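Inspection log for the structure reproduced underneath, given as structure tokens.
What you are looking at is a predicted structure, and each value in this text was computed from that prediction instead of being measured.
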Amino acid sequence: MLPKWRRRALAYKLFSLFPFGNRLFDTVRATVGLNRNFDLARRHYSIVEMSYMLAQAGKSVKGKDLVEIGAGWHPLLPALFYGMGAKSIVMTDIVKHIKQSYVEQTLDYLIAHANEIADLAEIPANQLLTRWAGLHPHGKPWQKHWKEYGIEYHAPFDFRKTKWQADSVDMIYSNSCISYIPKPILEKIFQESARILKPGGWIAHNLMPYDDYASSDPSITPLNFLRYDDEIWERIGNCGLHYQNRLRPIAYLSLAERYGLSIRFLERRQHHLKKKMLIRSDLDEEFRYLPEEELLCAHFLMVVDKCDF
């Protein structure tokens, strides 16, 4: 019998074969899967880590024009940044996931945790509460309501060719997204990001470069996907619905530098990845000889600048 992670990978492949497979998969998630009664406390780390990244990089979103890559299901960070004073925010995704109920759940969560978030973001709690109270749709169509506050949602959207003006965006950010993008596409996204960033603008990505199949299958470690060469992993682990690019932190930095972006802040966090998991002889040769910090990285925080000449 196939291990649990292989069965999960096969399920993704089957969903991807159906017409409108993404829509069908979202329906399953919403009714019997992960998104049914989803606890947003599981995403609170994104608030903590993004606030930390901005502080370490010496950046503020106040009065800035922001763009999100991979908006996902719950618009936690866009609502957070609006509360922090962002001027405008464009959320993008390759598939339209966000629903009215997810938006209302997000605002309810943020309002309930305003004091804690105010301490993290170093923003007065009354500012957050005032801005979030206005942003809460309270049953009104959320996209129309949010547009009145300068927040738009573009999905499906191809970030390789935004057609936006050059030098028009202050900040581009993502959370738990770009490690799920194939490298050839990701290269174009970095190139386009560098084009649309204003001089002095920045990119902030929080990514998780480990095998997320391990989250539901304790029989494998988070380094499992590094055991295979590209051909085998593409065949048994990847599909259009669920893709892991397996890039290590240094590869993301190389992409940024290739398109003229300079490092402002970076941090590799080990979290649940333990040294005992690293058995180099089990890894494919592509990864076997990389430094330990490149392999045992659970969260990679990076902020890169577009130089202001």
Side-chain angles (χ1 to χ4, degrees), residues 39-72 74-87 89 91 106-107 109-129 131-132 169-180 190 193 197 200-210 212 215 222 247-253 255-256 261-274 293-294 296-306:
D39 183 2
L40 272 174
R42 295 176 59 179
R43 292 287 181 266
H44 193 81
Y45 76 87
S46 64
I47 296 174
V48 175
E49 293 185 349
M50 192 61 75
S51 299
Y52 171 78
M53 291 167 68
L54 290 173
Q56 292 299 308
K59 303 293 187 180
S60 170
V61 301
K62 186 176 181 179
K64 302 298 185 181
D65 298 309
L66 278 52
V67 172
E68 180 174 42
I69 299 174
H74 292 85
L76 202 57
L77 289 178
L80 170 69
F81 291 145
Y82 176 78
M84 294 170 67
K87 176 185 174 184
I89 305 169
M91 303 180 293
T106 297
L107 269 301
Y109 179 85
L110 291 172
I111 290 169
H113 294 82
N115 289 330
E116 177 187 352
I117 295 168
D119 290 338
L120 285 170
E122 299 183 348
I123 300 292
N126 61 348
Q127 173 186 317
L128 295 176
L129 286 169
R131 290 177 73 86
W132 289 338
V169 175
D170 292 295
M171 175 186 177
I172 299 168
Y173 68 93
S174 74
N175 180 73
S176 186
C177 170
I178 64 172
S179 55
Y180 298 99
F190 268 85
S193 296
L197 268 184
W202 68 94
I203 299 172
H205 291 313
N206 180 0
L207 54 114
M208 302 172 192
Y210 62 85
D212 65 13
S215 300
L247 296 178
R248 313 320 302 153
I250 194 171
Y252 296 101
L253 296 175
L255 281 175
L261 302 168
S262 58
I263 298 168
R264 181 77 175 193
F265 167 76
L266 63 90
E267 187 172 302
R268 295 168 175 85
R269 294 185 171 183
Q270 190 167 325
H271 289 319
H272 62 293
L273 274 65
K274 307 300 181 183
E293 67 175 4
E294 289 293 303
L296 295 179
C297 180
H299 284 202
F300 181 50
L301 316 180
M302 63 177 288
V303 180
V304 294
D305 280 329
K306 183 173 181 177

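- What you find for M171 and V169 is that their closest heavy atoms are O-CG1, 3.3 Å.
- Nearest heavy atom pair, residue K274 against residue L296, reads O-CD2, 3.6 Å.
- For the residue pair H74 and T106, no side-chain donor N or O sits within less than 3.5 Å of a side-chain acceptor on the partner.
- Contact annotation: the side chain of L301 approaches that of E49 to within less than 4.5 Å [non-hydrogen atoms, C-beta and beyond].
- The CZ atom of R43 sits 9.0 Å away from the CG atom of L76 when rounded to the nearest 0.5 Å.
- A heavy-atom distance below 4.5 Å is not found between the side chains of F265 and W202.
- Taking the side chain as every heavy atom from C-beta outward, Y173 and L54 never approach each other to under 4.5 Å.
- In this pair, H44 and H113 present their aromatic rings tilted. The plane angle is within the 30 to 60° band.
- Counting heavy atoms from C-beta outward, I123 and K62 have side chains that stay 4.5 Å or more apart.
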Evaluation steps, side-chain contact (heavy atoms from CB on, under 4.5 Å), between K306 and L261: CA-CA 5 Å; K306 183 173 181 177; L261 302 168; 4.0 Å; yes
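- Of the inter-residue distances, the one linking M91 atom CE with I89 atom CD1 reads 8.0 Å to the nearest 0.5 angstrom.
- Here the CG atom belonging to L66 is positioned 9.5 Å from the CD1 atom belonging to I172, to the nearest 0.5 angstrom.
- Summarising the geometry of G70 relative to C177, their closest heavy-atom pair is CA-SG, 3.7 Å, with the distance given to 0.1 Å.
- Heavy-atom minimum distance, A256 versus M302: CB-CE, 4.3 Å.
- Taking the charged nitrogens against the carboxylate oxygens, K59 and D305 do have a contact shorter than 4.0 Å, which makes a salt bridge.
- Between C297 and R268, the shortest heavy-atom contact is SG-CB, 3.9 Å.
- Note that CG of L129 is 10.0 Å distant from CG of L110, once rounded to the nearest 0.5 Å.
- Atoms CD and CG, from E116 and L128 in turn, are 12.0 Å apart once rounded to the nearest 0.5 Å.
- P75 places none of its side-chain heavy atoms less than 4.5 Å from the side chain of F81.
- Between the side chain of D170 and the backbone N or O of D65 there is at least one donor-acceptor pair closer than 3.5 Å.
- With rounding to the nearest 0.5 angstrom, the OG atom of S46 is 8.0 Å from the CG atom of N206.
- In this structure a side-chain-to-backbone donor-acceptor pair under 3.5 Å is present from E294 to I250.
- Remark: K64 pairs with no residue by the side chain to side chain donor-acceptor pair (under 3.5 Å) rule, at least two apart or across chains.
- Relative orientation of the F300 and Y252 rings is tilted, given thresholds of 30° and 60° on the angle between their planes.
- The 12-atom threshold is exceeded at CD1 of I111, counting heavy atoms of other residues, nucleotides or ligands nearer than 6.0 Å.
- Side-chain rings of Y45 and H299 approach one another, their centers coming within less than 6.0 Å.
- Outside the 6.0 Å centre-distance limit, the rings of H271 and Y210 are not counted as a close aromatic pair.
- Across all non-hydrogen atoms, the minimal contact from R131 to A86 is NH2-O, 3.4 Å.
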